[in-house]
Amino acid sequence: MLHETALLTARDRDASVEARLAGSRAFDVEARAHQAAPLPPEFAALERAGFAPGPLYAALADAERAGVEPFDALLCSGRFSETELVGALARAIGVDVAGADDALGAPVDADALALSAANGHLASLDASGELRFVVAARGVAMRRLARARRGQPRTRSIALAGPRAFANLLASRAGPALAARAAEGPQRVAPEMTVAQGLPRLGRRTKCAIAAGGGALMLATFLWPILGAALLAALGLVFAAMNGFRLFLCFGGGDARIDPRIARASLPVYTVLVALHREAAVIPSLLAALENLDYPAAKLDIKILLEAGDVETLAALAARPPRAGIEVLVLPPGGPKTKPRALNAGLLCARGEFLAVFDAEDRPDPKQLRVAVEAFRREPRDVACLQARLAIDNHADGWLCRHFAIEYAALFDVVLPALSALRLPIPLGGTSNHFRVSALRRIGGWDAANVTEDADLGLRLARFGYATRTIPSVTWEEAPTTLKPWIRQRTRWMKGFMVTTAVHSRRPLELLAELGALKFLAVQLTIPGVALTALAYPALAAMFLFDGLTGALLSPAETYLEGVLLGFHVVNMIIGFSAGLACGWMGVDRRCPQRLWTTLFTLPVYWFLVGCAAWRAAWQIATARTSDWEKTTHGVSRRRATPPQA
C-alpha cells in the first residue's frame, strides 16, 4: 500500500522529529504565555513523550479557530507526517500501531465498511484469537483514548492507524464487498434507472414490425412525396423547438455572486473525491490545488481513489506524498473500471455532510467549498446538488482548445445558469459537482456502467424530487489538444447522452409523471435533443452544401408548398446557427479572452466534428460497446494560463 512505501526509516524519522522539535523550542515560552489552558490529554501524552509544546499550543489555537479536535488540527498542520505523529502517540499512551496483520483479518461487508469509516474504528481478532480494536487517529477518540490510557500498562488489544492507513486497511478488509457495492450503485434503489438492466431490448416480432413499417414508410414516401415532405416538416418542428429553447436560454438569468461568510468554526466536514487512473503526470498540480483549498484542513475528508494495479500513479503519489489527512484509497479489483465505480466506493466511506467531485486536471477556485456551503445554507433542503462553472485554461494550445473553451463558456456561463434560474433539471458536468451526502446516498450514487454518469445523475436527482442549482465559482480544466483524444472524449460524452436517454425512456409516462410537463420537455431538449442535433447536423449540412453547389437550393420551387417547406428549413437552419453563435458569443464575453471571438466563425466546422463523434458513439452502442470508457490523458498541455483571482 502507498503509506507503507512512503515510511521513513526509524533513524531518519527520529532525526526528522528531533530537528523539528528543536526548531520549535524557540517559541515555547511565548506559546505558553499566550495559552493559559492546560493541554488536552493527547497533547499532554505527546509532551511527555518529548514533543516541544510550541507546535502543540499552535495546533490548539488552530483547533479553536476552526472548531475541530486538537489532534486533527495537529495532524493537518504539516509540521509532522502522519506516520510520525501516529507512531509517537501510540508509544506515548501504550498501544500498538496498526500493521499488515490487521489487513489480513476477517472480511468486512459493505455496510460494516461504511459504519467503520464513519466511526473510525474496526474490531478484529489477532493471530492468537484475542479481540483487537483498530482506531483511526482522528476526532474526539484521541482525547478519550489518551485520557483512558493514562497510567495503564501497554496493550496489544488497541492499535492506532492514521487516516490514510485506516482507509487502506478498510479497503483491504472489505475487498470483494467494496468492489461489488461500488459497481452496484443505484441498482439497489432504482434498478430500472441503470445501464446494468441493459438498454431497452426489442423482441424479434418488434424488430420485424419496425422493419416492415420502415419499408412501408419508404415506399409510401416514394409514391406520395407529400408524405416525405410532411415527415421532414415534423422533424423540422422538433429542431425548431430545440433552437428556440436554446435561443431563449441565451437571455435567461444568471447566478448572484456569493460571498462566503460562515465562520470557520461553523463549517461542516466536507468530503472531496478525486478518481484517478493513469494520472501520474498531473499529481503535483492536483495535490497543490487540493492543499490550496480555503477550508479548515481538519474538516476536509479528501479521498484520492485509485484502481488496483495503477503502479504509475501510486509511484507518483509516493514521490510527492499528499499532506497528512488526505486519504489514498486503492480500490480492490472489480468491474467496470470506470470513474463512477470509484466515486461510489468513495461515497461509501464519506464522512462529510457535503461532497464534491473533482477531476485529475482540475484547478478549482480555493473558496469553492465555502461558496457551496453558503449556497446550500441559503437554499431549501430539496436542493441536493450545486454545479460550479467549468472553464478551459489551455485555449492557447490550438484551434480545438479555443473551440472547447468557447463551448464550455457557452454551457457553464450561459445555458446552465439559465436552467438553474428557471428551476429546470440540469445535466451535470463531470466535475465540480457539490452534493448533500444524504441525498446522494438516497438515490444510490453513480451508475457505474454509464460513461456519462454526470448527465444521468442530474436527471435521476430530478426524478427523485431533488433540485440542482449552479454557483458562480469556477474550476479551470484542460482541454484535449489534438483531434484523436478529442474525438474519443466526445464520443464517450455523446454515447452517455444516448444511453441515458434510452435508460430513462423505458417508462416515458412514468418519467412525465415524476418530472411534470415543463421539466419533462426541458430534459428532452437538453439530453436527447443534444444527441439528436449532433447526429442530424452532418447530414443536414451535407444536404444543404450539395444543394448549394448544384444550384438546387436557389432554383425556383415547383409548388407553393415546396417553397414554404424549403423556406422553413432554411430559416430553421439559420436560427439554429444563430442560437449557437449567440451562446458562444455571450460565453466569450463572460469568460474567455476577447480575441477568441474570431474563432466563432469556424463553429460550423467544429459542430461537424461533434456530429462525427456522435455517429461514432451510435456505432459503439450498436456494436455492444455501451460501457467502454475511452480514457482521456491529462497533463499534456504546456500552455495552461494562470487562473484569474476570484
Side-chain angles (χ1 to χ4, degrees), residues 186 193-195 241-243 245-246 248-250 252 254-255 339-340 343 356-357 359 383-391 404 407-435 439-440 443 445-447 449-471 475 477 489-505 508 511-512 514-516 518-535 579-580 583 587 610 613-614 617:
M193 297 185 195
T194 64
V195 179
M242 289 188 287
N243 293 334
F245 182 66
R246 201 166 296 152
F248 172 72
L249 291 178
C250 291
D255 303 313
K339 173 185 172 182
L343 295 178
V357 175
D359 278 346
V383 174
C385 177
L386 301 171
Q387 171 68 63
R389 297 183 183 181
L390 305 182
F404 211 120
E407 186 179 28
Y408 260 34
L411 179 62
F412 291 99
D413 286 277
V414 179
V415 174
L416 295 192
L419 289 172
S420 175
L422 293 167
R423 303 299 192 253
L424 295 175
I426 292 176
L428 300 177
T431 177
S432 301
N433 322 127
H434 299 260
F435 302 95
L440 192 55
I443 69 169
W446 293 265
D447 185 353
N450 193 320
V451 295
T452 312
E453 79 292 338
D454 39 16
D456 165 75
L457 183 57
L459 178 50
R460 196 150 28 88
L461 281 167
R463 294 189 67 175
F464 274 80
Y466 292 110
T468 300
R469 300 288 178 263
T470 57
I471 53 176
T475 295
E477 289 204 311
Q489 183 187 69
R490 191 53 55 100
T491 296
R492 173 163 55 84
W493 292 357
M494 284 295 167
K495 180 167 62 174
F497 271 50
M498 296 174 192
V499 168
T500 298
T501 299
V503 166
H504 290 274
S505 298
L511 179 64
L512 175 61
E514 290 170 348
L515 297 179
L518 184 59
K519 291 182 179 179
F520 176 84
L521 180 60
V523 164
Q524 302 311 310
L525 295 175
T526 53
I527 297 181
V530 167
L532 181 61
T533 302
L535 289 169
C583 287
V610 173

Hey, does Phe404 have a side-chain heavy atom less than 4.5 Å from the side chain of Gln489?
yes
Could you tell me whether the side chain of Phe435 reaches within less than 4.5 Å of the side chain of Leu428, counting heavy atoms only?
yes
Side-chain donor-acceptor pair under 3.5 Å between Arg460 and His504, yes or no?
no
Point-to-point distance, once rounded to the nearest 0.5 Å, from CG of Leu386 to OG1 of Thr468
8.0 Å
Within the side chain of Ser505, is there an N or O that forms a donor-acceptor pair under 3.5 Å with the backbone of Thr501?
yes
Arg389 to Tyr408 six-membered ring, cation-pi geometry met (6.0 Å, 45°):
no
Does Val415 form a side chain to side chain contact (heavy atoms under 4.5 Å, CB included) with Cys583? I'd like the steps, not just the answer.
CA-CA 8 Å; Val415 174; Cys583 287; 4.1 Å; yes
Reported OG-to-CG distance for the pair Ser432 and Asp359, which is rounded to 0.5 angstrom
7.5 Å
Nearest atoms (heavy-atom pairs only) where Leu419 meets Pro425:
CD1-O, 4.0 Å
Which atoms form the tightest heavy-atom contact between Ala617 and Thr491, and what is the distance?
CB-O, 3.4 Å
Are any of the side-chain heavy atoms of Val195 and Val499 separated by less than 4.5 Å?
yes
Taking the side chain as every heavy atom from C-beta outward, state whether His434 and Cys385 have any pair of such atoms under 4.5 Å apart.
no
Taking C-beta and beyond as the side chain, do Met193 and Phe464 meet within less than 4.5 Å on heavy atoms?
yes
Validation: residues 520-535 side-chain donor-acceptor distances under 3.5 Å, sequence neighbours left out:
from, atom 1, to, atom 2, distance (Å)
Thr526, OG1, Ala522, O, 2.8
Thr526, OG1, Val523, O, 3.4
Thr533, OG1, Gly529, O, 2.7

Do you know which two heavy atoms are closest between Phe412 and Ala388, and how far apart they sit?
CD2-O, 4.0 Å
Would you name the heavy atoms of Arg246 and Ala579 that are closest together and state the gap between them?
CB-CB, 4.1 Å
Pairwise distance OH(Tyr466) to CG(Leu440) - rounded to 0.5 angstrom
9.5 Å
If you take all heavy atoms of Leu461 and Ala384, which pair is closest and at what distance?
CD2-CB, 4.2 Å
Can any side-chain N or O of Asp456 pair as donor or acceptor with the backbone N or O of Asp454 at less than 3.5 Å?
no
Sub-3.5 Å donor-acceptor pair from the side chain of Gln387 to the main-chain atoms of Pro427, do we have one?
no
Let me confirm one number: the CG-OG1 distance from Asp447 to Thr500, rounded to the nearest 0.5 Å.
8.0 Å
Interatomic spacing from CD1 in Ile426 to CG in Leu411 - rounded to 0.5 Å:
10.0 Å
Residue pair Val357 / Lys339, side-chain heavy-atom distance below 4.5 Å
yes
Testing the basics here: between Ala410 and Val414, what is the closest heavy-atom pair and its distance to 0.1 Å?
O-CB, 3.1 Å
Taken to the nearest 0.5 Å, the spacing of Leu459 CG from Lys519 NZ works out to 11.5 Å
Could you tell me whether the side chain of Thr452 and the main chain of Trp493 form a donor-acceptor pair under 3.5 Å?
yes
